[in-house]
Participant: 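Quick one: the structure is below, and I'll ask about it shortly.
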Amino acid sequence: MGELKLHHCRVDGRYDITECLGHGSYAEIYVANDIAAEPPAPPQVVIKALDLYLQGTPDEELERTLVENFQNEAVALDRVRHPQIINRLGHGTAIDLAGKVFHYLVFEYMPGGDLAALCRQRALPLERTIHYLQQICAGLDHAHSRGVIHRDIKPHNLLLSRDLQIVKIADFGVAKLEASDEVITRVGTDVYAAPEHHPMLHTGPLEMAGLASRKKGLTPAADVYSLAKTTYTMLTGESPRRFAQKPITGLPPASEHHFWSAPVLKVLRKATDPQVEGRYQSAQQFLTEMREAALAPTRLLDETTTAQALATNAQATAPPAPVFSPSEVANQHAAAEPHPRIVVSLDGSRREASESPQLRPSAHHQQLQAPVPRRRRPRFLSQSRVAELFL
């Protein structure tokens, strides 16, 4: 029956559709203006519409599964709210211009696109990759702490802000909620998915991994596996297709000669171990090892370089000697330029003599000789205060 008829129309009297971002197997993604949004709510949002008939009329079981997965995404996102996870703003059920009923979810809009598009342009520098990994791992660790495993981490599901500085995890449609999922089903993209996502494979060690996973259930190590494959894409600009369902054992020729190539490859190899027990068990562990691998090697200075550095330091001009005595400070200023006389009253205020002509020496002398009231304690100026008065 084709895609939904939503172009240039208003959904539920609130969301004005402006463009279509793309299609999935059974979902369509649109950008819309929320005419009811009030600050600080964003004026632009993303509408994810479930189209059950995008690939023909589904049977009852498939329709029920698709609706459950769609609802599962909303439940998972509400459980794992975090700055590095896409925010769900609403949901609803509507009818398109052709009379077709559809369910939809409303998300915040990330105008920078996804990491897949960015990596197709060029391989990312190591520093930028670590910058993104810090955010992704923070979001994943939070989701795992809330009992949610994403199961489909890949560059397409990592969205960027307009300035490309912020990355957020999206698409929790196949996420596993510990309280509700007991059976492992085949999910994710083969190129990035961990072996335990494919329990029916029969390929030697992968079969063992699948059987073990069915007994123990999925763990955060499954997302770590996918994140390592995603890291490969960020650093090389290439899909890890040749390592589909296999550990990463090499880098492309263009990426083999960096100082970080060998240590990073070692981390990626461990993170994509076919056996769950052989991997890093949390996103934070993976991030820690990636940071260590990204450190530049220590370089010893040769004797010539050291001698030149010492000679440069020895020839540097010393700063003026410090002067801390108030009287010496005053003498220096007096010798440099005329400085007006200062009158200081007992209450600590400061006035220039030229501004107080009515104050005569005799009157000032009498003021200083006046008895101090018993309830007023004498006030003394500190050396720093005296120095300030003369500056």
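Sequence positions, counted from 1, serve as the residue numbers for this chain.
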Participant: For a side-chain contact (heavy atoms from CB on, under 4.5 Å) check, start with the C-alpha distance between Glu19 and His8, then their side-chain angles and the critical distance, and finish with the verdict.
Facilitator: CA-CA 8 Å; Glu19 64 174 309; His8 305 294; over 6 Å; no

Participant: Return yes when atom CZ of Arg241 has more than 12 non-hydrogen atoms of other residues, nucleotides or ligands closer than 6.0 Å, and no otherwise.
Facilitator: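 No, the 6.0 Å shell around CZ holds no more than 12 heavy atoms from other groups.
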
Participant: The criterion is side chain to side chain donor-acceptor pair (under 3.5 Å); which residues satisfy it with Lys168, sequence neighbours excluded?
Facilitator: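 Lys168 satisfies side chain to side chain donor-acceptor pair (under 3.5 Å) with Glu108 only.
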
Participant: Under 3.5 Å, is there a donor-acceptor pair linking the side chains of Tyr192 and Thr233?
Facilitator: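 Yes - a donor-acceptor pair under 3.5 Å links their side chains.
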
Participant: Apply side-chain contact (heavy atoms from CB on, under 4.5 Å) to Leu160 and Asp114, showing your working.
Facilitator: CA-CA 6 Å; Leu160 298 166; Asp114 57 46; over 6 Å; no

Participant: Return yes when atom CD of Glu289 has more than 12 non-hydrogen atoms of other residues, nucleotides or ligands closer than 6.0 Å, and no otherwise.
Facilitator: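 Buried by this count: over 12 neighbours within 6.0 Å.
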
Participant: For a 4.5 angstrom cut-off between non-hydrogen side-chain atoms, does Phe286 reach Leu268?
Facilitator: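 They are in contact (side-chain heavy atoms under 4.5 Å apart), so the answer is yes.
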
Participant: Would you give the length of the straight line joining atom CG of Leu235 to atom CG of Leu126, rounded to the nearest 0.5 angstrom?
Facilitator: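 Reported value, rounded in 0.5 Å steps: 6.0 Å.
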
Participant: How about Phe172 and Ile85: do any of their side-chain heavy atoms sit closer than 4.5 Å?
Facilitator: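 Side chain of Phe172 against side chain of Ile85, heavy atoms only: contact under 4.5 Å found.
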
Participant: Quick one: are Phe243 and Tyr232 in side-chain contact, heavy atoms under 4.5 Å?
Facilitator: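 Yes - at least one pair of side-chain heavy atoms lies under 4.5 Å apart.
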
Participant: Give every residue pair that meets the ring pair (Phe, Tyr, Trp, His ring centres under 6.0 Å) criterion with at least one member in residues 81-131, sequence neighbours excluded.
Facilitator: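 Checked against ring pair (Phe, Tyr, Trp, His ring centres under 6.0 Å) - neighbours excluded - the pairs reaching residues 81-131 are His82-His142.
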
Participant: Using a 4.5 Å cut-off on heavy atoms from C-beta on, say whether the side chain of Gln285 contacts that of Val224.
Facilitator: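 No; the side chains remain at least 4.5 Å from each other.
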
Participant: For Val264 and His258, what are the C-alpha separation, side-chain angles and deciding distance, and is it a side-chain contact (heavy atoms from CB on, under 4.5 Å)?
Facilitator: CA-CA 10 Å; Val264 164; His258 298 290; over 6 Å; no

Participant: Side chains of Glu196 and Leu218, heavy atoms from C-beta outward: is any pair under 4.5 Å?
Facilitator: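 Contact flag for Glu196/Leu218 side chains = yes.
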
